[in-house]
Amino acid sequence: MSEHELRVSKIRNGTVIDHVEGGQALNVLAILGIDGSEGLGVSIGMNVPSDRLGRKDVVKVEDRELSQSEVDVLSLIAPEATINIIREFEVVEKNRVTRPETVVGVLSCPNRNCITNADEPVETRFDVIDSGVRCDYCSAVLRSDIAAHIDV
Amino acid sequence: MRQDHLITATQLSRDDIEAVLDRAREVAADPAAYANRHAGTVLALCFFEPSTRTRMSFDAAAKRLGIDTIDMGDVDSSSVSKGESLADTVRVIEGYADALVLRHPSEGAATLAAEFVDVPVINAGDGAGQHPSQTLLDLHTIRENHGLDDLTVGIMGDLKYGRTVHSLAAALTNFDVRQHFISPESLRLPRSVRFDLHETGAQVREHEELETVLDELDVLYVTRIQKERFPDENEYHRVAGEYRIDAETLAAADDDLTVMHPLPRVDEIAPDVDDTDHARYFEQAHNGIPVRMALLDTLLGGDEPGDEATTMGADHE
C-alpha cells in the first residue's frame, strides 16, 4: 500500500491483520473477542484497494501481539489473511493463517435444535473439514455463511 | 466395544457391531446364562421425551440381567421442569447409577451428557440425530434373516428427521451393503448424514418412488412420515399416501424381501402385510431384548457367560 493510500496510521507495537476479505473486518474483531472495551487501540480499514484481493480490509490492534492459535480461527472467514507483528513500527514477524483442526467457543451451531443452543454450560466445538465446519455435538455441517454464525 | 459410551452409530466399527450381535445371539440362545449376571448394578432411565417401547425394552433387558432400574419419570414431574440443565441432571443421576440411558429432544444431548459423567451413557434417541441401540437391533434382525454382506437395503419414509434412519445408514457402511433411500424431496437425508456416507464411500442411491427399486431389495426399512413435518395437512396426506405399502405393493418384491419398521407404525404398512412372510417388524421389536441385554452386558464389563461379571465402578475410565 503506497503512502498516499494509507487510510489509517502506522502502529508502534501490536498486530496488523492484512488481506482480510472486504467486508469481514468486524467479524475478524468478533472472532478475536475484541470490541473496544479492552482499551486497546483498534483501527480498521474497509474495502481499501488491494492488488491481490481487489478490495480488502485491514485491522490494526495496538499493544497486543496475537498468537498463532488466536489468529488461525480467522482462516475460516479470511483464508488469505496475513498477520504482521509490529514492534517499534517495524514488522518483526509475518505469518499466514492456517486452518485449525477445531474451533471452540467461536461459532454458534446453525441447527437450532442442537443441545449447544439450549442453555447448557458448554462451549460450541466444531471440527474443521474441507468444505467448512462440523458441530461436534449434533454433526450439523456449516459450509458457507460461517461469518453469520460467529458468536463471541 | 472400544468405547465406554454408545452415542452414535458412526462410532461403531464392524468389529464393535459384530461383537454385540454375537453376544445377542448367545443371549437369545441361552437367556438363563445371563440372568442375574449384573446383580447389584443400577441403570438409570432418563427419558426427556415420551417413549414406550425403548424405555420398556431397556427396562426389561436390564431386569433380565439382574440390573435394577431407576426411572426419572416424566419430564413434567422432574426437576427439568424447574429449568435444570441437562449437564446438572446427569451429574446428579450419575451418583445414583452405574450407567445412564438417555432420550432427549435435542440433537447432541447424549454427546454432552457423556462429557459430564464417568459412567457409560447410552443414547436412546437425541432429537432428529441418532438412535444407535435401535440400529443394533435392526442389524441383528437383518443378520438373522440375510446376513450382513452382499445385501441391498431400501430405507423409506422420513429420512430427514428419522434418527433410526441416520444411525442405520451409518452402521450399514461397515458392511457390503448397497443402500437405496426412498423419500419425498422434502424429507431427503440431511446434509450431515450424506457427509458421513460420502466420507465412507458407501454405495448410495436416492429415489422418490419405491417402484423403481423394490424388486432389487433384500430389506425394506419403512419409517413413519409425521404430520407435523408438513405445514399443510393436505400436503401431508398427499405425500404420506405415496409411501404406504400393502400386500399388493409387495407382489412385485423378491419373495425373500424382509420388511422392517422401528415402530410405532400408523398406516404406512397396511395390516395385510402382517400376514405375509415379508413382515419382520414384530420380530425386530422383540430383538430389542437380547440386543439391549448384550449391549448393557458389554458396556458394563461382561465377560464370557459363566465368568463373574465385572461391573462398572469408580475405576471406570
Side-chain angles (χ1 to χ4, degrees), chain A residues 21 24 27 30-31 33 69 72-79 98-152, chain B residues 5 7-11 46 48-49 75 80 82-92 102-117 121 123 125-132 160-161 163 165-167 169-170 189-200 228-229:
Chain A
E21 189 182 325
Q24 293 290 350
N27 286 325
I31 281 184
S69 61
D72 279 349
V73 73
L74 297 179
S75 66
L76 299 177
I77 60 161
T98 53
R99 287 166 76 79
E101 287 183 10
T102 55
V103 180
V104 177
V106 172
L107 302 171
S108 62
C109 185
N111 172 12
R112 280 179 298 175
N113 202 42
C114 177
I115 193 71
T116 60
N117 286 321
D119 200 12
E120 295 290 340
V122 288
E123 289 192 303
T124 60
R125 193 173 62 239
F126 288 81
D127 286 333
V128 178
I129 57 177
D130 287 347
S131 53
V133 295
R134 187 170 205 212
C135 177
D136 255 11
Y137 289 88
C138 76
S139 300
V141 175
L142 180 54
R143 288 203 172 113
S144 54
D145 213 18
I146 287 176
H149 292 88
I150 293 168
D151 181 28
V152 286
Chain B
H5 307 286
I7 306 298
T8 83
T10 54
Q11 78 182 72
C46 311
F48 289 77
E49 65 174 23
V75 169
V80 176
K82 297 174 189 148
E84 185 177 54
S85 69
L86 174 62
D88 278 3
T89 304
V90 295
R91 276 183 288 189
V92 170
L102 178 70
R103 155 100 32 119
H104 197 279
S106 294
E107 287 94 76
T111 303
L112 180 141
E115 290 179 0
F116 282 90
V117 302
V121 173
N123 181 7
D126 61 330
Q130 291 267 322
H131 195 354
K160 185 174 184 182
Y161 299 100
R163 55 194 172 201
V165 171
H166 305 162
S167 287
L189 287 173
R191 186 191 274 177
S192 59
V193 176
R194 288 162 188 284
F195 180 86
D196 286 327
L197 293 174
H198 180 73
E199 286 284 292
T200 61
E228 55 265 35
R229 304 300 182 205

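In what follows, chains carry the letters A, B, and so on, assigned in the order in which the sequence lines appear, proteins first and then strands, with residues in each chain numbered from 1. Please read all numbers here as calculations on a predicted model, not as lab measurements.
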* Structure fact -> Taking every heavy atom of A:Tyr137 against every heavy atom of B:Thr111, the minimum-distance pair comes out as O-OG1, 3.6 Å

* **Atom group of B:Pro190 that falls short of 4.5 Å from chain A, counting heavy atoms** => neither

* Structure fact -> Between B:Ser106 and A:Cys114 the two heavy atoms that sit nearest each other are CB-C, 4.4 Å

* A:Arg112 portion near chain B, given a 4.5 angstrom heavy-atom threshold -> neither

* Structure fact -> Per-residue tally against chain B (heavy atom, under 4.5 Å) across A:Ala140, A:Cys109, A:Pro121, A:Ala118 peaks at A:Pro121

* Asked: Do you know which two heavy atoms are closest between B:His104 and A:Ile115, and how far apart they sit?
  -> CE1-CD1, 3.8 Å

* **Which portion of A:Asn113 sits near chain B, non-hydrogen atoms under 4.5 angstrom** => both

* chain A heavy atoms under 4.5 Å from B:Gln130: which part of the residue, side chain, backbone, both or neither? -> neither

* What are the two closest non-hydrogen atoms of B:Ser192 and A:Arg134, and how far apart are they? -> O-NH2, 2.8 Å

* Structure fact -> Okay, A:Val122 and chain B: the region with an atom under 4.5 Å from a heavy atom over there is side chain

* Spacing of CZ belonging to A:Arg125 relative to CD belonging to B:Glu115, to within rounding of 0.5 Å -> 4.5 Å

* Pairs of heavy atoms under 4.5 Å with chain B: top-ranked of A:Thr116, A:Asn117, A:Asn111, A:Asp119 -> A:Asn111

* Atom pair CD/CD1 of B:Glu199 and A:Ile129 - distance to nearest 0.5 Å -> 7.5 Å

